[in-house]
Amino acid sequence: MHRYRTHTCGALRADNIGSTVRLSGWCHRIRDHGGVLFIDLRDHYGLTQIVADPDSPAFKTAEKLRAEWVVRVDGRVRRRPDGTENPDLPTGAVEVFATDIEVLGPASELPMPVFGEQEYPEEIRLKYRFLDLRRERLHRNIMKRGAIIDSLRRRMKSQGFFEFQTPILTASSPEGARDFLVPSRLHPGKFYALPQAPQQFKQLIMISGFDRYFQIAPCFRDEDARADRSPGEFYQLDVEMSFVTQDDVFDAVEPVLRGVFEEFADGKPVTPKFPRIPYGEALRSYGTDKPDLRNPIRMQDVTAHFRSSGFKVFASMIASDPAVEVWAIPAPKGGNRAFCDRMNAWAQGEGLPGLGYIFWREGEEGGAGPLAKNVGIERSEAMRNQLGLTVGDAAFFVAGRPKDFIRFTGPARAKIAAELGLIDRDRFEFCWIVDFPMYEWNEEEKKIDFSHNPFSMPNLPPEEFLRLDPADKEKILGLKAIQYDIVCNGVELSSGAIRNHRPEVMKKAFAIAGYDESVLEQKFGGMLHALSLGAPPHGGIAPGIDRIVMLLCGEENLREVVLFPMNQRAEDLMMGAPSEVTPKQLRELHIRLNLPK
RNA sequence: GGGGGCGUAGCUCAGUUGGUCAGAGCGUCGGCCUGUCACGCCGAAGGUCGCGGGUUCGAGCCCCGUCGCUCCCGCCA
């Protein structure tokens with residue numbers, strides 16, 4: 001007989017009745033009835049009920065056991081008495097009558113229980129992560145994460161992608177997030193940086209002629225955490241392809257994501273064909289570049305209805321500034337004053353002067369509310385028709401320059417839909433966001449900046465781009481990049497682009513953003529050189545693994561799908577990282593500390 | 001760096017207008033219990049109400065400061 005077990009705790013069935021078995025595991029739950037005692041023995045595979053009574057030589061040991069002790073149990077499998085089977089357990093038809101119990105690993109009093117669903121403070125959960133990981137939910141999430149990554153790999157490989165490893169110790173890169181630095185012992189005063197993403201490496205892999213790259217890539221960024229952004233490190237399904245257009249990237253990646261979501265979504269519907277929404281349209285319809293398409297509300301421009309209307313506040317704003325627009329947020333089923341007033345109060349809490357509204361009730365043509373009276377029946381009806389609303393519905397209105405109120409309309413749309421219960425949570429709604437602007441105006445520094453990735457190809461023929469006048473601000477700010485995002489349920493899952501593989505276009509692109517050619521040479525010299533020695537057109541994308549797993553596990557926080565996460569202040573409470581190091585270590589690295597007071 | 005929320009027993013929380021308000025459930029420990037699976041019953045231990053200061057005859061409660069956790073903004077090409 002094996003030293004520790006003949007079966008796992010999830011294995012025994014009615015077929016095993018009568019056989020002598022050996023199990024090892026944790027004492028999940030102990031129910032001591034005095035004369036008879038039950039132990040739910042748990043391992044990775046499941047639970048098996050162990051029974052002991054005074055006839056058993058193991059009884060005395062069994063009485064001493066406590067929660068989470070690790071034990072080896074020998075016994076005979078027997079059918080549970082009629083009426084005591086547990087249909088909730090795969091092993092629920094049988095139990096093991098213990099003849100011998102050996103304590104393999106006793107446990108002192110637990111800082112948090114494994115059994116039960118009791119919520120525990122994050123700090124304790126992180127410090128005793130191994131206990132938390134024994135709990136069913138986290139254990140299941142982590143296993144699901146592994147299965148998802150397996151599935152991603154399988155799907156990528158079946159499309160001819162090949163997995164490459166890229167360096168972890170590399171060079172600090174300008175632009176982007178703050179780097180994690182690693183001091184060099186051999187080169188006093190110099191530092192490696194951990195890669196924020198293998199961006200340049202994957203492009204170099206294409207330039208090296210490998211054609212289809214992917215990697216489950218660790219990425220490191222020293223930025224502050226969010227619920228959906230781990231501090232420090234996270235993983236991407238990093239992808240790059242040669243000789244491709246945007247459509248080719250979409251055709252390669254969309255089936256992978258759709259497939260993995262369909263596989264792990266537990267039957268929840270997944271968008272069959274991801275719609276493509278231009279960045280500008282996303283802002284106008286949803287108030288954000290990562291719209292939650294489970295929310296059916298789409299905003300509309302209703303400026304024309306308010307121009308020269310009886311609602312003087314909006315009419316005079318429109319008259320005084322051609323940039324002023326009025327947007328409507330339709331609120332189906334929101335047609336009552338209590339709801340409208342509540343939303344108005346919420347808006348004021350958000351720092352807006354207020355949220356004008358019209359709502360439509362039975363037998364009240366032209367709608368109700370102060371705004372309706374002022375614009376009049378005809379305009380009110382025209383708006384109701386444009387918005388496709390009916391009796392029982394409402395619409396909210398914001399006026400001003402879109403760039404000033406846009407950061408408010410996204411949350412307003414989300415709030416209204418949430419309050420009205422318009423969001424079907426049990427589905428995965430994907431879309432591509434395309435046509436991102438190449439540049440944006442930096443108001444503080446009065447200059448043109450890259451809007452996103454400086455390596456993206458501008459969506460303009462090279463000859464035309466090279467002829468651009470850097471002073472032609474309007475044209476430059478109107479330029480699109482061949483850059484795209486994937487958004488699912490309002491979560492930005494990935495970002496990608498067709499890369500700028502033409503050195504002269506790259507130089508021009510950086511020049512427009514105010515970077516001297518010498519700066520470009522200094523910062524991206526290696527890359528520029530590689531592009532000038534025969535670079536294929538190429539592009540790619542990098543879906544965030546942690547966020548995919550989070551969505552598929554139905555979790556709201558990345559820490560629920562990462563094995564050993566850091567807390568929000570980027571500390572590992574279990575390992576005690578970051579930690580101080582010895583003076584000797586510092587000396588070898590030529591580092592002297594200069595700590596804040 | 002900034003803002004919001006939270007902080008009462010090991011855990012989850014209640015605590016009214018500032019006046020028996022030091023409480024419940026779970027857990028732990030002890031006792032009883034031969035069919036439970038959130039076992040049950042009886043009992044016990046366990047709290048500087050995050051910390052410091054202030055107002056008051058009196059503070060868990062009000063005020064100021066501070067620390068911790070969390071969510072958000074900044075940041076995240």
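All figures in this text were calculated on a predicted structure; none of them were measured in a lab. Heavy-atom basis, side chains included; hydrogens, waters and symmetry copies ignored. So you know, we letter chains A, B, ... as the sequences are listed, proteins then strands, and number each from 1.
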For [N], does the base pair up with any side-chain atom of [X] as donor and acceptor (N or O, under 3.5 Å, distance only)?
| X | N | value |
| --- | --- | --- |
| A:Arg29 | B:G27 | no |
| A:Gln118 | B:C11 | yes |
| A:Asp224 | B:C75 | no |
| A:Arg31 | B:C33 | no |
| A:Arg221 | B:C76 | no |
| A:Glu95 | B:G35 | yes |

Looking only at side-chain N and O atoms, does [X] come under 4.0 Å of OP1 or OP2 in [N]?
| X | N | answer |
| --- | --- | --- |
| A:Arg559 | B:C71 | yes |
| A:Arg569 | B:C69 | yes |
| A:Gln568 | B:C71 | yes |
| A:Asn557 | B:C71 | yes |

Checklist entry - Cationic tip of A:Lys447 within the cone over A:Tyr515's six-membered ring, i.e. under 6.0 Å and within 45° of the normal? => result yes
Checklist entry - Touch check for A:Gln200, heavy atoms < 4.0 angstrom, all strands: base, sugar-phosphate only, or nothing? => result nothing
Next on the checklist: Base, sugar-phosphate or nothing for A:Gln199? Non-hydrogen atoms, less than 4.0 Å.
Outcome noted: base
Checklist outcome for this item: Between A:Arg80 and A:Asp55, whichever has its closest RNA chain B nucleotide further toward 5' is A:Asp55
Checklist entry - Side chains of A:Arg342 and A:Glu419: closer than 4.5 Å at any heavy-atom pair? => result yes
Item to check | For A:Arg29, all residues meeting salt bridge (Lys or Arg N to Asp or Glu O under 4.0 Å), sequence neighbours excluded | outcome: none
Next on the checklist: I'd like the C1' distance from B:C75 over to B:G18, given in whole Å.
Outcome noted: 44 Å
